[in-house]
Amino acid sequence: MLGVSGVPAVVQFCIMLCLPESPRWLFMKNEKAKAIAILSKIYDIARLEDEIENLSVAEEEERQKRNDVKISDVFKSKEIRLAFLAGAGLQAFQQFTGINTVMYYSPTIVQMAGFRSNQLALLLSLIVAAMNAAGTVLGIYLIDHFGRKKLALSSLTGVIASLVVLAGAFFGKSSGSSNELFGWIAVLGLALYIAFFSPGMGPVPWTVNSEIYPEQYRGICGGMSATVNWISNLIVAETFLSVAEAVGTGWTFVILACIAVLAFVFVIVYVPETVGLTFVEVEQIWKERAWGSGYNTESLLERGNDN
């Protein structure tokens, strides 16, 4: 079982041997021909010219910036703080709305719903996992056609509704009813949860985190946001069964639904729509949010210590 898990890693390793470097990084390293060759495979001629121009501007700006960025620098600049809040917040809410709990404990949840057969519980959990994979593939299409922010909000709306369905099913089950209908409603709620989560809140946090940081901060902020994701995952995974035992499974899903509502509000308030924008345009969004719409074209780092 553990050996089979190594197969995807080998496949990924082989595929990554063919993965090109970031055109932006190549441009900064003065390997412009390689960068343009990669960009030409992605964009048509009109867009290619714009991208090359943007990279040329970015290269000149990078020459004037510091080379070393520390973690503390992320919190000194108001613009970067806002960007990191949006990115890390999305990663935290991705976990605190319960996705990995559902994936880890789906057989247990199915048994909690009244299906005592281990084989049936595992079968239903495999169906849930398959839906997660299919939904993620769908998200690849939707994320550019529907937009990051709209997709996240639509996803969270469905997540809230499905968590309410799950909570209602477990409340009905805990009331002493022997009706198997509540068990099937719980399984339906579980399936709906995955169907809504996987195309939206699954890929959106990772996509947004790759787009919202300036070049100099992209690596460190992306790493910090990923750390937030896995710490949140650890907290949720370690506490789910304990909370379910303490307050009941129904109330546990109510708590997750409330967190999903907070996530919905968070996305509306803090997360910008980045689809179709260049890095320069996204950077300008944070400047305007930090200093107002009248803020001019000062470099993002020139005011790093102002606040």
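By convention here, the first residue in the shown sequence is residue 1. Computed from a predicted structure; not experimentally measured.
The two residues Gly222 and Tyr213 come nearest to each other via the heavy atoms N-CE1, 4.0 Å. Minimum interatomic distance between Ala226 and Trp206 (heavy atoms only, all atoms of both residues): CB-CZ3, 4.1 Å. The heavy-atom pair separating Asn209 from Gly87 by the smallest distance is ND2-O, 3.1 Å. Considering all non-hydrogen atoms of both residues, Ser198 and Pro203 come closest at O-CD, 3.1 Å. For the residue pair Ala186 and Leu166, the shortest heavy atom distance occurs at O-CD2, 3.1 Å. The two residues Pro205 and Gln94 have their closest heavy-atom pair at CG-NE2, 3.8 Å.
Between Cys221 and Val74, some side-chain heavy-atom pair lies under the 4.5 Å cut-off. With contacts defined as side-chain heavy-atom distances shorter than 4.5 Å, the pair Thr278/Val282 does not qualify. Side-chain contact between Phe279 and Arg218 is present, with at least one heavy-atom pair separated by less than 4.5 Å. A 4.5 Å side-chain heavy-atom check between Trp286 and Ile212 finds at least one atom pair inside the cut-off. A heavy-atom distance below 4.5 Å is found between the side chains of Ile285 and Leu277. Residues Phe13 and Leu17 have side chains in contact (heavy-atom distance under 4.5 Å, counting atoms from C-beta outward). No side-chain heavy atom of Phe84 sits under 4.5 Å from any side-chain heavy atom of Tyr217.
The side-chain hydrogen bond (donor to acceptor under 3.5 Å, both in side chains) test applied to Glu211 returns Arg148, Thr274, not counting sequence neighbours. Every ring-ring contact (aromatic ring centres under 6.0 Å, His included) that Phe197 has, sequence neighbours left out, goes to Tyr193. For Phe93, the ring-ring contact (aromatic ring centres under 6.0 Å, His included) criterion is met by Phe266, not counting sequence neighbours. Here Ser22 pairs with Arg24, Trp25 under the side chain to side chain contact (heavy atoms under 4.5 Å, CB included) rule; sequence neighbours left out. When the side-chain hydrogen bond (donor to acceptor under 3.5 Å, both in side chains) test is applied to Thr97, no partner is found at least two apart in sequence or on another chain. Residues passing the salt bridge (charged side-chain N to carboxylate O under 4.0 Å, His left out) test with Glu31, sequence neighbours excluded: Lys34.
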> What do the steps show when you test Lys32 against Asn30 for side-chain contact (heavy atoms from CB on, under 4.5 Å), and what is the final call?
Replying inline: CA-CA 6 Å; Lys32 299 179 181 179; Asn30 205 32; 3.7 Å; yes
> Does the pair Lys29 and Leu26 meet the rule for a side-chain contact (heavy atoms from CB on, under 4.5 Å), with working shown?
Replying inline: CA-CA 5 Å; Lys29 297 300 180 181; Leu26 288 171; 5.7 Å; no
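A distance of 11.5 Å separates CG in Asn229 from CG in Leu234, rounded to the nearest 0.5 Å. Rounding to the nearest 0.5 Å gives a distance of 6.5 Å between CG of Leu153 and OG1 of Thr157. Taken from CD1 in Ile127 to CG in Leu123, the straight-line distance is 4.5 Å, to the nearest 0.5 Å. To the nearest 0.5 Å, the span separating CG on Asp44 from CD on Glu49 amounts to 9.5 Å. Atom OG of Ser5 is separated from atom CE of Met1 by 7.0 Å, given to the nearest 0.5 angstrom. Annotation: the span from Glu79 atom CD to Glu288 atom CD amounts to 11.0 Å, rounded to 0.5 Å.
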N/O donor-acceptor pairs under 3.5 Å from side chains in residues 252-261, not counting sequence neighbours:
from   : atom 1 : to     : atom 2 : distance (Å)
Thr252 : OG1    : Ala244 : N      : 3.4
Thr252 : OG1    : Gly248 : O      : 2.8

What pairs of donor and acceptor atoms, side-chain ones from residues 36-43 against any protein atom, are under 3.5 angstrom apart with sequence neighbours left out?
from  : atom 1 : to    : atom 2 : distance (Å)
Ser40 : OG     : Ile36 : O      : 3.4
Ser40 : OG     : Ala37 : O      : 2.6

Report, one line per pair, each donor and acceptor closer than 3.5 Å where one atom sits in a side chain of residues 128-139; sequence neighbours left out.
from   : atom 1 : to     : atom 2 : distance (Å)
Thr136 : OG1    : Asn132 : O      : 2.8

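At least one donor-acceptor pair closer than 3.5 Å links the side chain of Glu273 to the backbone N or O of Val275. With hydrogens and angles ignored, the 3.5 Å screen pairs a side-chain donor or acceptor of Ser210 with a backbone N or O of Thr207. For the pair Gln95 (side chain) and Ala92 (backbone), a donor-acceptor distance under 3.5 Å is absent.
Hydrophobic cluster of Met16: the remaining members, joined at side-chain heavy-atom separations below 4.5 Å, are Leu19, listed by chain and number.
Cluster annotation: Met201 is not connected to Ile140 through the hydrophobic network of ILVMFWY side chains, with a link wherever side-chain heavy atoms come within less than 4.5 Å. Connection of Ile268 to Phe96 is established within a shared hydrophobic cluster, with ILVMFWY side chains joined at heavy-atom distances below 4.5 Å, either directly or through further cluster members. One hydrophobic cluster, built from ILVMFWY side chains closer than 4.5 Å, holds both Ile71 and Ile80. Linking ILVMFWY side-chain heavy atoms closer than 4.5 Å, directly or via other members, places Val271 and Val265 in a single hydrophobic cluster. Residues Leu262 and Leu85 share a single hydrophobic cluster, defined by chaining ILVMFWY side chains whose heavy atoms lie under 4.5 Å apart.
Counting non-hydrogen atoms of other residues, nucleotides and ligands closer than 6.0 Å to CZ of Phe196 gives a total of 12 or fewer. Crowding of Lys149 atom NZ: a count of heavy atoms from other residues, nucleotides or ligands under 6.0 Å exceeding 12.
The only option from Val159, Val236, Asn233, Ile194 that meets the side-chain contact (heavy atoms from CB on, under 4.5 Å) definition with Ile99 turns out to be Ile194.
Cation-pi geometry between Arg289 and Tyr270 is not met: the NZ or CZ atom fails to fall both under 6.0 Å from the ring centre and inside 45° of the normal.
Remark: Lys76 engages Asp73 in a salt bridge, criterion side-chain N to carboxylate O under 4.0 Å.
Residues in residues 124-153 take part in these ring-ring contact (aromatic ring centres under 6.0 Å, His included) pairs, two or more places apart or across chains: Tyr141-His145. Sorted by first and then second residue, the side-chain hydrogen bond (donor to acceptor under 3.5 Å, both in side chains) pairs with a member in residues 234-247 form an empty list; sequence neighbours excluded.
Aromatic ring centres of Phe170 and Trp251 lie farther apart than the 6.0 Å criterion allows.
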